[in-house]
Amino acid sequence: MAQEHDSPVDPVFASSLREFKWILLIWLVFFFWVIGYCYAFGYPDSETPLVTVIGMPSWVFWGIFLPWIAATLASTWFALTQIKDHPLPDPPSIEAAGEQPVKEESQHE
Amino acid sequence: MNEGSTAALLTFAVYTLSVFVLAILSNRAAKGKDFVGEYFLGSRGFGVWAFALTFAATNASGGSFTGFPALIYSHGWTLSLWIAAYMVMPLVSMALIGKRINQISRKCDALTIPEVLRARFESSAVGLVATSLLIFFMFFYLLAQFKAGGKILSTLFAGEPLFQSAVSFVSRITSDIPWVNRAEPDYLLCLILFAAAVIVYVVYGGFRAVVWTDVMQGIVMFLGVILMLGLALWQAGGLENATQQLAKMIPPEHGKAVLSTNSVAESEQTFAKGTWLFDSGEVFRLGELATIPIGQTSTQTVQILKIVTPFEIENLYAKQASGKIPDPGLKVKVTKRIPYRYGAGKTGTYVSNPGPDSSADLGFLAIGTAISFFIFWPFAATGQPSNMVRLLSFKDTRTLRYSVVTVAIYYSIIYFALIIIFCCARVLMPGMEIDPDKTMPAFANQLTRDAGIPWLAGLLIAAPFAAVMSSVDSFLLVVSSAVVRDIYQQHVDSNAPERKIKLLSYSVTIVVGVLAVLFVLNPPQYLQDLIVFATGGLAACFLTPMLLSLYWRRMTSYATIAAMLAGTGVHMGLTCWGYAENNEFRAYSFLGLNPFIWDLLGSMCVALLVVALGPKPNRELIVKFFEDEPAASN
């Protein structure tokens, strides 16, 4: 085990693991928001009068529509600012063949 | 109908032509590149739009445009909670493992998911188990999607005279061929057309053609949904009006009835499924073909649907009075009433949870089921090999990041729009409970006809067709790559020349496609259940082993095999339990939770146990995959 800690950790592995934990946390936040709100307000008695917000039942607006927008914004923020860029290795077959299609297309973009 | 179906035929012709053009371009783009890497993975060179849309389109299979609309129609707004986990699905299914699996597959030149697992542990046993389970589950998937393709095409072409002539011709020439002659001729013709189109472009263009056509299909789906949304909201008088109407609706009643006339039939009288029946202020819809034989005054007992909502009855009588709906003038004697198990006689069930249900006492979406689906959607999608293999194809991490954003926005629009569209459909188009899977094409026809633009139906119906096609092509390639790459190249002839591999790849793709067609000529009734079985099985089999292989140094080949077998075993066990308990081919929901959760727990526990008790992992493999190797990162 000591040997494992002495060696430098693969940077792609390290950043992927960190992102993995954050993604699970984001999923958990929206899980509690959606399930919690909808459980509390989305299962009304049949006598409860319908309340709408911008045309949809209010439990859909506060419990699904709004978190959906928030989740899209959170995904966008996370993908654009928190996921780290890394150079990915060329597969051995491409290196051996001396081809570099990946790099060519990268430069193109 | 004729104008609409001619337009549909033209749409299909233009669409198919475009697919072939893309296949030809892909074939040209592949020139000079390593065949296997190009055919099965497009040389790992895809940018944001190609990668994002192929991922989105592959995920949005035929179910999104046939089964999902049917569910919204039948149960109302509760479907927004059922599908809510799609809000985080792009982030989870792409970013949870995307960067890491792509890196590992590049390090060991892996082109398939079994190959990634085999290379991670340098164990051919891991590869063989993964390949066998993948082929086993994936084939069910393929069958279901082929069937959906044939069915959608036959709906698209129905009523087109040229198509009917072709159907008669097919019926004549196949009447003496065993097995084939048991298939309905219109479905048979469409299945062959569909399969031929897919097989040809996949064989000719490979993975690159599949991705490029996915991009086109993704755009068609998006345009189709947006157009439908506009038309549906316009015709329903806005979302507020649609929801208020929906709140007043009462679930209809299924039942059985005998239909009769006042006079004896001089010739056999038939009444098609879907015929509206008006009798003594009540409205019914025929659930199956009904016949009054010669010399009789009544039919046998037939299935009917009784409309219960007062404003729907009023509207239907108004349409009958204006001649928009023909009235066959039959008397309806109800012999059996089958009210909804949840929601019968109540208003408000379509706008609240758990939603009305004809067969479940707890309603459609009890809170336990809602929790299960919030776990199931994103994590089951992460565990699908057809999604994982796409994660091997992006060219750099920037592509992955921007694709997460693109797919998140794409899904937000598409899925929320679908919910609104089919809530409007529930208000505008009564009585589809007799055949809910036809809700999408039927509503597309009604919307365009009522808007005076029937030619647009072709484009709207092309959306589900595109969804099915984009899934079939991906599954076809996953199965054939498993055979060529994971079985032939690994266990038969690892030094086979490229020419031989090329021929074998084409042959396997064709053989798998033809086999799938032969199997679905007469699809078993429980095929829909097989899709659920295959989706859950693939995720149960691959998610835990893949996550632990990518992120846990101590994971071993023994634990990987054990986890795959345990996930599969729990899945099969719950399916057998479900069959014994309910006499249905459906996994048992122990404690009311989705079986996938138990599969995952079983797989995880066994993996941890085997790691704890089994041999230690190979130190060289830990260094290779978890530690910084200057040579590899340069």
Side-chain angles (χ1 to χ4, degrees), chain A residues 3-4 7-13 15-17 19-20 23-24 26-27 30-31 34-35 38-39 42-44 46 48 50 52 54-57 59-60 63-65 67-69 71-72 74-76 78-80 83-94 97 99 101-102 105-106 109, chain B residues 33-34 37 43-45 47 77 80-81 84 87-88 90-92 95-96 99-100 102-103 106-107 109 238-240 242-244 247 346-349 351-354 367 370-371 374 378 395-398 400-402 404-405 408-409 412 416 550-551 553 622-623 625-629 632-633:
Chain A
Q3 251 183 324
E4 282 176 27
S7 313
V9 176
D10 180 325
V12 177
F13 165 63
S15 69
S16 298
L17 188 60
E19 289 151 15
F20 181 99
I23 290 166
L24 287 186
I26 291 173
W27 172 82
F30 287 101
F31 174 85
V34 172
I35 298 294
C38 290
Y39 179 63
Y43 288 80
S46 54
T48 311
L50 173 71
T52 58
I54 60 164
M56 55 188 88
W59 66 268
V60 175
I64 292 164
F65 184 70
W68 203 309
I69 291 174
T72 306
S75 300
T76 303
F78 188 81
L80 296 184
I83 297 181
K84 260 188 161 181
D85 274 332
H86 293 278
L88 294 168
D90 276 339
S93 62
I94 291 182
E99 291 180 17
V102 176
E105 289 188 40
S106 297
E109 206 174 68
Chain B
K33 291 179 180 166
D34 165 55
S43 301
R44 301 177 199 267
W77 273 108
S80 60
L81 177 55
M87 67 177 69
V88 282
L91 182 68
V92 174
L96 201 65
K99 195 160 71 179
R100 181 77 173 135
N102 187 295
Q103 180 211 22
R106 282 166 183 266
K107 272 190 175 181
D109 211 2
L239 185 58
E240 177 70 37
T243 304
Q244 293 294 350
K346 285 186 193 165
T347 56
T349 52
V351 292
S352 61
N353 296 304
I367 190 68
I371 292 171
F374 209 94
K395 66 181 180 187
D396 52 27
T397 48
R398 180 184 171 278
L400 176 69
R401 294 192 296 111
Y402 281 85
V404 170
V405 178
I409 295 170
S412 303
F416 220 84
L550 297 178
Y551 289 110
R553 290 180 177 86
I622 293 179
V623 172
F625 292 112
F626 290 88
E627 292 176 9
D628 196 16
E629 290 179 294
S633 58

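Below, chain A is the first sequence line, B the second, and so on; all start at residue 1.
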Most contacts with chain A, counted as non-hydrogen pairs under 4.5 angstrom, among [options]:
{"options": "B:I371, B:V88, B:T349, B:I367", "value": "B:I367"}
{"options": "B:A408, B:A370, B:S352", "value": "B:S352"}
{"options": "B:V404, B:L81, B:I409", "value": "B:L81"}

Side-chain contact test, heavy atoms from C-beta onward, threshold under 4.5 Å: evaluate it for [X] versus [Y] and give yes or no.
{"X": "B:L239", "Y": "A:I54", "value": "no"}
{"X": "B:F626", "Y": "A:L17", "value": "no"}
{"X": "A:Y39", "Y": "B:N353", "value": "no"}
{"X": "A:I64", "Y": "B:W77", "value": "no"}
{"X": "A:D10", "Y": "B:K107", "value": "yes"}
{"X": "B:T397", "Y": "A:K84", "value": "no"}

Among the options A:F20, A:F78, A:F30, pick out the one with the most heavy-atom pairs lying under 4.5 Å from chain B. A:F20

Who wins among A:S16, A:A74, A:S75, A:G63 for the most heavy-atom pairs under 4.5 Å with chain B? A:S16

Just by distance, do the side chain of A:T76 and the backbone of B:V405 share a donor-acceptor pair under 3.5 Å? no

Under 3.5 Å, is there a donor-acceptor pair between the side chain of A:T52 and the main chain of B:E240? no

Residue pair B:S412 / A:T72, side-chain donor-acceptor N/O under 3.5 Å: yes

Residues forming a salt bridge (Lys or Arg N to Asp or Glu O under 4.0 Å) with B:R401, sequence neighbours excluded: A:D85

Give, for atom [atom1] of [X] and atom [atom2] of [Y], the distance between the pair rounded to the nearest 0.5 Å.
{"X": "B:L96", "Y": "A:E19", "atom1": "CG", "atom2": "CD", "result": "10.0 Å"}
{"X": "A:L50", "Y": "B:T347", "atom1": "CG", "atom2": "OG1", "result": "10.0 Å"}
{"X": "A:W27", "Y": "B:M87", "atom1": "CH2", "atom2": "CE", "result": "12.5 Å"}

Is it the side chain or the backbone of B:P378 that comes within 4.5 Å of chain A heavy atoms, both, or neither? side chain

Under 4.5 Å from any heavy atom of chain B - which part of A:W59: side chain

